[in-house]
A.B. asks: 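After the structure tokens below, expect a handful of questions from me.
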Amino acid sequence: MRLALLALALLAATGCQPRDPAQKAAAPTPAKPDAPVASTVPAFAFDEADITGLQQRMAKGDLTSHALTQAYLDRIAAIDKAGPTLNSVIELNPKALAEADALDAERKAGNVRGPMHGIPVLLKDNIDAVPMVNSGGSLALADNKPARDAFLVQRLRAAGAVILGKTNLSEWANFRSTRATSGWSGRGGQTKNPYALDRNPCGSSAGTGTAIAANLATVGVGTETDGSIICPSSVAGLVGLKPTVGLVSRDGIIPISSSQDTAGPMTRTVSDAAAMLSAMVGRDDGDAATANSVGKAVFDYEKRLDANALQGLRVGILRNEMGFHPDVDAAMERVVATLKSAGAQVVDADIKTKGEWDKPEFEVLLFEFKAGLENYLQKHDVAPKTLVQLMEFNKQHANEEMPYFGQEIFEKANAKGPLGDPAYLEARAEARRLAGPAGIDAAMKDASVDVLIAPAMSPAWPTDLVLGDHFVGAGYGAAAVAGYPSLTVPMGESHGLPIGVVFIGPAWSEAKLLSVGYAYEQRSKLRRAPTFAPTVTLGKTALPSSKASAMPVWTTAEPATGSTATMPAAASTKK
């Protein structure tokens, strides 16, 4: 999803024979968009647990992967399907406990595959993973069970991960309507934000964001075309990494754009994101873009983290990405103070082409969506084989699939020609140039900086099934369009709603971004577990003081009123 164009978040859908939508295979009952009701959330033994701590316990014999997996399954039953009813998990892996048992047996025999051994992972429901459905949230694909795992899932399993289940998403990764509501799908219903249940989880990776924030698994995988890892991570108080396009294979992921799509980790700590990324990267003959990662991918990102990475670093702050919310601006100034206290230099930087890539980017996405989606459907044992057939399904099942918004983007994409069209080729070159060489690269060179920072996103808005999403600002767009990496880390909150800072670098700079983000995280420590409040309590809001310290100092500030600026209609959705 991205602030300035239209949003998309890596699409998710897997096909199957069109059938009566009432017969949803292995799908949870969609949540009704009723006003949230306060509920008691039971204590959880693995609240905020990280990979390192869990591995230490399993190494000592105090914990098994089976027990950990069962605990998460119980947690899902208690608060995702009951209690606050977060509605973030769309399907469970029926073999999860068996997978955990096999990994426990390996550990007992002295074979530990690495940091991910026995760690439960949730995957966004646009990623092929046997034996589960891959639906992208669409009832048209609610019977689609891929014959093999996506390449990144193969990598995670090889590293010892337990695939716990699939998470809900914005249907078709928010690339169906200009009035879409993030976190809603025909198959899965509406996912809630665990910090305030009437607020939106943001982006197409909404289910993964909510689930990991609520401690329904140790770590999760999201996908992004433009903002759908960064946005849901930011509003859920998570660390989210969108890698360079080509670092992680897209094979087995329902696509929007071959130019911008990627999968990435969504976690509660930077070190967990680094460990996950190490397990996910690798060249794949099924995705030609990964050939570019040879010699640039790192397979031990977690070992390269440096708590002193801020010392001597030159950081460029993108102030033209600020100004849309006073609490966000205040948090960014505290980030600057923290960076300076750790030895970094912070200077102003400017992406002079900001927003100029919007129109060509959308052209690219429309062309690539139709071609990529139909290619995916042709390779899977599903009845819908074309975008036209999917649109017809939606019309025939409009009460279930289009009760709140339509399929205007589908219609625009269907009108596009082949990828050899000169209009497409020109738009692709222009979008990438404006966001990359003339955008991020030029800004970094002009300011002589090692990394750029900007606010990741505004606080979460109230879920609105009538009008759709309400975006007021974000700073991730250039990296998404350029295909460069970006990393969001919690930087505080506004009225109890998390907000994050995004670190941006040139292509293949994941190791540096993770190390810089880790150093900032270790000094700020601003991740806070959700409270599952029914709504935001307005009034005075607690904000960290501007004085940087190892532990934040809290003061009171007057409530923010928000920006009066309005976004263009096309900016009201996210990819």
Side-chain angles (χ1 to χ4, degrees), residues 224 226-227 229-230 233 239-249 259-267 270-283 289-318 321 335 339 342 344-347 349 351 432-433 435-454 456 475-489 500-521:
E224 174 168 323
D226 194 335
I229 288 174
I230 299 301
S233 296
V239 173
L241 175 68
K242 185 206 81 75
T244 303
V245 172
L247 187 65
V248 176
S249 171
S259 296
Q260 294 179 208
D261 288 356
T262 185
M266 297 172 66
T267 63
V270 176
S271 60
D272 281 2
M276 269 196 85
L277 185 63
S278 297
M280 293 167 66
V281 302
R283 181 174 181 176
T290 60
N292 297 324
S293 71
V294 175
K296 297 165 186 170
V298 173
F299 297 90
D300 59 352
Y301 289 98
E302 69 279 8
K303 294 181 180 178
R304 300 178 184 231
L305 299 178
D306 181 3
N308 297 313
L310 297 174
Q311 184 66 44
L313 192 77
R314 279 184 62 85
V315 179
I317 180 171
L318 297 172
E321 298 287 5
V335 171
L339 298 178
Q345 294 178 292
V346 182
V347 300
I351 295 179
R432 182 62 63 92
R433 181 188 69 81
I440 292 172
D441 295 341
M444 295 185 69
K445 181 179 180 181
D446 291 347
S448 299
V449 296
D450 303 297
V451 65
L452 298 171
I453 61 170
Y476 50 71
V481 180
Y484 292 179
S486 55
L487 172 75
T488 185
V489 180
V501 56
V502 63
F503 297 87
I504 299 169
W508 316 110
S509 62
E510 284 79 5
K512 177 183 282 291
L513 289 184
L514 285 164
S515 201
V516 169
Y518 175 76
Y520 167 73
E521 174 195 56

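Predicted model only: the values in this text are computed from it and were never measured.
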A.B. asks: Measure the spacing between CD1 of Ile351 and CE of Met444 and express it to the nearest 0.5 Å.
C.D. replies: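 The distance works out to 10.0 Å.
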A.B. asks: Would you say Val239 and Met266 make side-chain contact, with heavy atoms under 4.5 Å?
C.D. replies: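 Contact flag for Val239/Met266 side chains = no.
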A.B. asks: How far apart are the closest heavy atoms of Pro485 and Ser509, and which atoms are they?
C.D. replies: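 Heavy atoms only, the tightest pair is CG-OG, 3.4 Å.
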A.B. asks: Return the set of residues passing side chain to side chain contact (heavy atoms under 4.5 Å, CB included) with Asp441 (not counting sequence neighbours), or none when no residue passes.
C.D. replies: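 Only Pro437, Tyr484, Pro506 meet the side chain to side chain contact (heavy atoms under 4.5 Å, CB included) criterion with Asp441.
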A.B. asks: Under 3.5 Å, sequence neighbours excluded: what are the donor-acceptor pairs made by side chains of residues 305-313?
C.D. replies:
from   : atom 1 : to     : atom 2 : distance (Å)
Asp306 : OD1    : Asn308 : N      : 2.8

A.B. asks: If you measure from CD1 on Ile453 to OG1 on Thr488, what distance do you get to the nearest 0.5 Å?
C.D. replies: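 Interatomic distance, Ile453 CD1 to Thr488 OG1, rounded to 0.5 Å: 11.5 Å.
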A.B. asks: Is the closest side-chain donor-acceptor distance between Thr262 and Glu224 under 3.5 Å?
C.D. replies: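 The answer is no; no qualifying pair exists.
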A.B. asks: Would you name the heavy atoms of Thr244 and Glu510 that are closest together and state the gap between them?
C.D. replies: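 Heavy atoms of Thr244 and Glu510 come nearest at N-OE2, 2.5 Å.
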A.B. asks: Taking the side chain as everything from C-beta on, heavy atoms only, tell me whether Val489 gets closer than 4.5 Å to Val502.
C.D. replies: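 Answer no - side chains too far apart.
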A.B. asks: With rounding to the nearest 0.5 angstrom, report the CG to CG distance, Leu452 to Leu513.
C.D. replies: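 Nearest 0.5 Å value for the CG-CG distance: 9.5 Å.
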A.B. asks: Locate the shortest heavy-atom distance separating Glu302 from Ser271; write the atom from each residue and the value.
C.D. replies: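 For Glu302 and Ser271, the tightest heavy-atom pair comes out as CB-O, 4.3 Å.
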A.B. asks: Taking the side chain as every heavy atom from C-beta outward, state whether Asp450 and Val315 have any atom pair closer than 4.5 Å.
C.D. replies: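 Answer no - side chains too far apart.
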A.B. asks: Is any side-chain heavy atom of Val245 less than 4.5 Å from a side-chain heavy atom of Asp261?
C.D. replies: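 No, every pair of side-chain atoms sits at 4.5 Å or beyond.
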A.B. asks: Atom OH in Tyr301, atom CG in Leu514: separation rounded to 0.5 Å?
C.D. replies: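 One gets 8.0 Å once the value is rounded to the nearest 0.5 Å.
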A.B. asks: State the CG-CG distance between Leu247 and Asn292, to the nearest 0.5 angstrom.
C.D. replies: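 Result: 11.0 Å between the selected atoms.
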A.B. asks: Can you list everything that forms a salt bridge (charged side-chain N to carboxylate O under 4.0 Å, His left out) with Arg304? Sequence neighbours excluded, please.
C.D. replies: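 Arg304 satisfies salt bridge (charged side-chain N to carboxylate O under 4.0 Å, His left out) with Asp300 only.
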A.B. asks: Please give me the minimum heavy-atom distance between Val335 and Tyr520, naming the atom from each residue.
C.D. replies: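 Residues Val335 and Tyr520, closest heavy atoms: CG2-OH, 3.4 Å.
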A.B. asks: How long is the span from the CZ atom in Arg314 to the CG atom in Leu339, to the nearest 0.5 Å?
C.D. replies: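 Reported value, rounded in 0.5 Å steps: 13.0 Å.
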A.B. asks: Closest approach of Ser233 and Gly240, non-hydrogen atoms and distance?
C.D. replies: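 Residues Ser233 and Gly240, closest heavy atoms: OG-CA, 3.4 Å.
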A.B. asks: Answer yes or no: is there a side-chain heavy-atom contact under 4.5 Å between Ile317 and Val347?
C.D. replies: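 Of all side-chain heavy-atom pairs linking Val347 with Ile317, none is under 4.5 Å.
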A.B. asks: So, do Ser486 and Phe503 sit near enough that their side-chain heavy atoms are less than 4.5 Å apart?
C.D. replies: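 They are not in contact (no side-chain heavy atoms under 4.5 Å apart), so the answer is no.
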A.B. asks: Donor-acceptor check, side chain of Thr290 to backbone of Arg283, threshold 3.5 angstrom: yes or no?
C.D. replies: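 It does not hold such a pair.
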A.B. asks: So, for Ile229 and Ala263, which heavy atoms are closest and what is the spacing to 0.1 Å?
C.D. replies: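 Looking at all heavy atoms of both residues, the closest pair is CD1-C, 4.0 Å.
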